[in-house]
Visitor: 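Take a look at the following structure, please.
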Amino acid sequence: MKLQAVKGTNDILPEQDARWRSVVDAAAEVLGTASAGRLTTPIFEHAEVFEKSVGDSADLVVQKEMYTFEDRGGRRLSLRPEFTAAVVRAFIQHGMHTRPLPVKLWSAGPAFRAENVQRGRYRQFHQVNLETIGNATPLADAEAIELLYRTLARAGLTRHRIQLGSVGDPEDRAAYNAYLREALAPHAAELSEASRERLRLNPMRVLDSKDARDQELIAGLKRPLELLGDEARRHFDAVAGYLTAWGVPFEVDDSIVRGLDYYRRTAFEVHYVGIGAQSALGGGGRYDGLVELLGGPQLPGIGWAFGIERVLDALEQEGRGEAAVEGPVLFLVPLDDAAVGEGAALARRLREAGLRVEFAYQRRNPGKGLKDADRAGARYAALRGGSERERGVWQLKELASGEQREVREDELAPLLQAGAPGATKEL
RNA sequence: GUGGAUGUAGCUCAGUAGGUUAGAGCAUCGGAUUGUGGUUCCGAGGGUCGUGGGUUCAAAUCCCAUCAUCCACCCCA
């Protein structure tokens, strides 16, 4: 056990590939129907892209959860811990504000955080991300949330739940934080150590505490939703209204909080019961102000991301784990040395025609060859030795039924291409 | 960073009152079967017992350290 993948990173094996692709394909399909274009950005950026956007109090920075390093030119670079800042950077760099607004951009790829590992939490993980930049209406929020819900449904999930909240406008947030500080100050000594720290840096996050004593202290307090200003309140109600009208199931969650500073108003998460402690499949929210913060025009935005590994975990809970790896349609078995080259050449031609064909690399006897074909998962095997060569044919055998007949080489492609059921009957 | 559990073959695991060459099932390869597969039977290859140190005549087994994995805290995807 000498060399192995770095802690918190995973190999995606061939048998997992189909599931993986199906999730990304679901996103491409669903998000495409909403005219979102796919944007692929580098996996690393100048560190300041994330540092500026994320805010000083965010854990990403404070707890050094970013993989930041210096390259040979002395540039400080960071592996992306999330997509939003990088997408916004690309949006600004390419002058996308001149396109018809809003601009919808989706992405998929790895992200990195230097955290400790557990189920559903890895150091390299993968996300599907969507950003809608340039529209501040509640309709844009509802659209984004609906797309998130539908993408996951399309990927095969049936038991994911949307939780909707609001962190308010900056003034609301400031007011609520002040309220919390005041309300909790007398009990500060009773709070857990972590929560005392939160109270100092980002009081709202105290609501997130899983400490039983903390929860008791919090129980009687007002929630962020109760202290929303009029505009934020109307915005929230409108988003909820659209979702209800569209039949997107959701629950109001009055304790949704964001670790990142740039969120305003709408905040939401998708959860799934049964995938361990990290039950959030994804989350997102509105970030009016971020584009400007990163040096772009004053444009609002809303976006979300979900974790592909967590979705795959959830799919497994629903009994939709690894799909069987598809075998070749045809497996060619050379029964003598001359047939080895003939088989390879035939395979090449059939592959050129788009068929999935495999062959034995050396002469086999029929028993071995059929065994090879069987284990490769092939549907048909074709054998050829001296007597077949004389007649210019291959013995084509359907493995499942055992039916066999002689076919000329030029008959093979049309026969196999005719498709599974038809070809079977012909035999 | 903190806490708990676990590290024996590619995989799932046996194997402790310490005792010769460390086992099974599955998987792999070969043979039974040099022109017809899946079942079955036979055989083979594959192990620094996570790593390092200690105790002992003797360590997979006991002690210490260390690393890794899993789960949880924290935080989040």
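What you see is a predicted model, and the numbers here were worked out from it, not measured in a lab. Lettering of chains follows the sequences in order, A, B, ..., and the numbering in each one begins at 1.
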Visitor: With heavy atoms under 4.0 Å as the rule, sort G402(A) into base, sugar-phosphate or nothing.
Guide: base
Visitor: Please determine, for U28(B), whether a Watson-Crick or G-U wobble partner exists with both distances under 3.5 Å, and give it or none.
Guide: A44(B)
Visitor: Answer with base, sugar-phosphate or nothing: what part of the nucleic acid does D372(A) contact at a heavy-atom distance below 4.0 Å?
Guide: nothing
Visitor: Between A77(B) and R113(A), is there an OP1 or OP2 to side-chain N/O distance shorter than 4.0 Å?
Guide: yes
Visitor: Check the phosphate of G38(B) against K371(A), side-chain N and O only, distance under 4.0 Å to OP1 or OP2. Yes or no?
Guide: no
Visitor: Looking only at N and O atoms, is any donor in the side chain of E388(A) or the base of G35(B) less than 3.5 Å from an acceptor on the other one?
Guide: yes
Visitor: Taking 4.0 Å as the cut-off, does a side-chain nitrogen or oxygen of K7(A) come that near to OP1 or OP2 on C67(B)?
Guide: no
Visitor: Check E29(A) with R154(A), please: is the shortest side-chain N to carboxylate O separation under 4.0 Å?
Guide: yes
Visitor: Between U28(B) and R375(A), is there an OP1 or OP2 to side-chain N/O distance shorter than 4.0 Å?
Guide: yes
Visitor: Side chain of Q404(A), base of U36(B): donor and acceptor closer than 3.5 Å?
Guide: yes
Visitor: So, does Q118(A) get its side chain near the phosphate of C73(B), meaning an N or O under 4.0 Å from OP1 or OP2?
Guide: yes
Visitor: Reckon R119(A) touches a base, only the sugar-phosphate, or nothing at all at heavy-atom distances under 4.0 Å?
Guide: sugar-phosphate
Visitor: Return yes if the base of U36(B) and the side-chain atoms of K397(A) contain a donor-acceptor N/O pair under 3.5 Å, otherwise no.
Guide: yes
Visitor: Could you tell me which non-hydrogen atom of G156(A) sits nearest to which non-hydrogen atom of E318(A), and how far apart they are?
Guide: O-OE1, 3.3 Å
Visitor: Indicate, with a heavy-atom threshold strictly under 4.0 Å, whether G282(A) touches base, sugar-phosphate, or nothing.
Guide: sugar-phosphate
Visitor: Aromatic rings H160(A) and Y149(A): how do their planes relate, parallel, tilted or perpendicular, breaks at 30° and 60°?
Guide: parallel
Visitor: When the C1' atoms of A9(B) and C26(B) are considered, how many whole Å apart are they?
Guide: 12 Å
Visitor: Any donor-acceptor pair under 3.5 Å between the side chain of N116(A) and the base of U2(B)?
Guide: yes
Visitor: If you take atom types as modelled and just measure distance, does the side chain of R121(A) reach the base of C71(B) with a donor-acceptor pair under 3.5 Å?
Guide: no
Visitor: Do F125(A) and the base of A77(B) stack face to face, with centres under 5.5 Å apart and an angle between planes under 30°?
Guide: yes
Visitor: Looking only at heavy atoms, which two atoms of L383(A) and P366(A) are closest? And how far apart?
Guide: CD2-CA, 4.3 Å
Visitor: In whole Å, what is the span from the CD atom of E115(A) to the P atom of U2(B)?
Guide: 16 Å
Visitor: Starting at the 5' end of RNA chain B, which residue's closest nucleotide do you reach first, A400(A) or R363(A)?
Guide: R363(A)
Visitor: Hey, what do you get for CG (N116(A)) to CZ (R123(A)), rounding to the nearest 0.5 Å?
Guide: 6.0 Å
Visitor: When the nearest nucleotide of RNA chain B is assigned to S387(A) and to I275(A) on a heavy-atom basis, which residue is associated with the more 5' position?
Guide: S387(A)
Visitor: Establish, yes or no, whether a centroid distance under 6.0 Å links the rings of F359(A) and Y361(A).
Guide: yes
Visitor: At 4.0 Å (heavy atoms only), tell me whether I308(A) reaches a base, stays on the sugar-phosphate, or touches nothing.
Guide: nothing
Visitor: When the P atoms of U6(B) and U16(B) are compared, how many Å lie between them, rounded to an integer?
Guide: 16 Å
